[in-house]
Amino acid sequence: MRAPALYSAAGSLLLTALTAVPAGGATAVPGAAELRGTTTAAARAEAAGIDFAECPDAEDLPAAMECGTVTVPLDYAHPDGKQIKLTVSRVRATQKDPHNSKRKVPRQGSLVYNPGGPGASGMYFPLIGYVPEWKRLAAAYDLVGYAPRGVGRSAPLSCQDPQHFLKGPSPAPTHPSESYKQERIAEAKAYARGCAKRNGAALRHYTSLNNARDLDVLRAALGEEKLTFMGASYGTYFGALYATLFPSHVRRMVFDAAVNPDPEQIWYRNNLDQSAAFEGRWADFREWIAKHDKVYGLGDTAEKVQRSYDRAAAQLAAEPAGGKVGPGQLQGAFLTAGYYDDYWPHRAEALSAYLKGDPKQLIQQAGPHPEAAKEAENSNAVYTAVECNDASWPTDWKVWDRDNTRLARVAPFETWDNVWVNLPCAYWQAPRQEPLDVRTGPGELPSTLILAAERDAAAPYDGALELHRRLSGSVLVTERDAGTHGIAGGPNRCVNGYVDAYLLEGRLPVRRAACAPHPEPRPRG
């Protein structure tokens with residue numbers, strides 16, 4: 001399941017094998033042609049640079065931003081074949097010390113950011129420099145965002161008519177009937193067919209490995225000999241692929257809310273683990289609501305809050321709020337609260353008001369927004385294409401049904417919704433990739449920084465531990481007893497201190513460090 005947007009060892013062995021291939025000779029080494037193609041594309045991009053200018057109206061970005069494009073091959077095995085353009089945004093380093101206006105800060109190059117997904121755009125990222133927690137980084141770095149292949153205007157993907165994508169009201173059964181399962185299977189098959197029909201042979205080239213290769217071309221186009229990169233959520237996965245493929249091109253890398261890169265986890269098992277973790281985060285949210293029962297009146301225990309939620313879902317099934325918010329929309333709105341606890345007061349207030357007879361807040365927070373349909377459909381198409389292309393998925397519905405029926409007995413909140421999002425991968429018509437074994441040995445890669453919240457549901461903590469084991473010399477900073485998905489530049493000063501020390505000075509703890517949790521949100525009213 002993709003994450004909402006930005007929060008307010010085989011490396012050297014593979015490279016040695018690839019570079020040892022005789023020029024023009026045939027090779028059975030996986031990825032050899034793509035590596036040569038990346039080298040060719042990066043050299044071209046370095047020569048061309050990026051012609052940054054005023055952002056086009058289509059990007060809907062403020063005048064403070066500059067925009068440009070970088071050209072990459074659709075297929076890196078054929079770098080002289082079809083080319084696509086990725087959109088790029090930038091705000092130049094201010095070089096102004098936020099704590100001393102008379103002091104000029106040395107520029108350290110470009111900091112490239114990806115917010116995850118797959119399917120999320122980073123085009124708005126450079127605006128983060130106006131947030132106080134980011135001003136020191138904005139002084140030293142050009143903040144660079146971009147839309148990965150398939151996203152926005154970067155060779156966009158679509159799998160169905162956007163007008164049919166955002167539907168409401170919809171059900172959200174935690175224990176679906178056999179007939180409902182068959183309906184969703186039919187929808188998944190139709191969606192997979194739509195992806196193949198609308199995108200043709202190009203569909204196979206929307207992968208995490210190509211996202212990593214695109215990142216190296218972008219590095220070259222920016223004129224950077226080595227990459228400084230921050231990836232959040234899914235961005236940590238192809239960032240880790242980059243670190244494995246191009247370790248000598250890395251300057252500094254931050255992996256925020258790290259995804260488990262174990263090839264056996266990509267992506268079916270990662271989604272099972274995610275569904276299980278969301279049950280714990282949903283429990284955290286219910287306990288917080290119960291703690292503030294005097295404000296919300298939804299119950300003074302987590303169990304009573306669950307009953308209030310179930311009562312709202314039943315009422316919405318019988319009579320959708322505003323004709324468009326059913327149980328599915330309710331579940332979607334409360335799922336986002338599993339990502340970010342700063343949503344907790346808003347969601348609790350909306351649920352409380354609805355059960356007292358006022359649906360306006362719930363409609364506003366949970367209702368589908370037709371004006372966002374095109375962007376949402378595009379994002380979902382990229383998410384589906386990348387995850388389905390990246391690895392093998394079970395093709396027998398019985399496997400999905402068995403695994404998720406078992407899981408839903410103990411983790412009903414998100415399990416089946418996660419199935420329906422990913423089920424097109426069971427019927428995918430494009431070829432599958434073999435996941436790269438993310439791994440670097442001692443001395444192959446500069447020290448990198450991994451950030452993780454201990455109770456993150458979208459990227460369960462075990463993923464950060466696994467990435468830490470696989471990237472030699474990496475340092476893991478944990479926010480204890482917290483579950484926000486993506487913690488860099490947020491409210492935790494301890495976490496931000498480690499990020500700033502690393503990106504600004506190259507300083508890191510020896511191997512691991514921990515921060516106390518940021519304060520819980522306060523109820524409104």
Any side-chain donor near an acceptor of the partner, N389 and Q433, under 3.5 Å: no
Nearest atoms (heavy-atom pairs only) where L445 meets T448: CD2-CG2, 3.9 Å
Ring centers of W282, Y309 separated by less than 6.0 Å: yes
Y502 ring center near Y498 ring center (under 6.0 Å): no
Y339 and F278 aromatic centres sub-6.0 Å: yes
Among Y130, W134, Y146, ring pair (Phe, Tyr, Trp, His ring centres under 6.0 Å) partner for F125: W134
Between Y242 and N211: side-chain donor-acceptor atoms closer than 3.5 Å: no
Geometric cation-pi criterion, R347 with F334: 6.0 Å, 45°: no
Donor-acceptor pair between Q331 and E414 side chains, under 3.5 angstrom: yes
Non-hydrogen atoms of P460 and D273 that approach each other most closely: CG-O, 3.9 Å
Rounded distance [0.5 Å steps], OG in S154 versus NZ in K85: 11.0 Å
Given N260, T440, D437, the one that forms side chain to side chain donor-acceptor pair (under 3.5 Å) with R470: D437
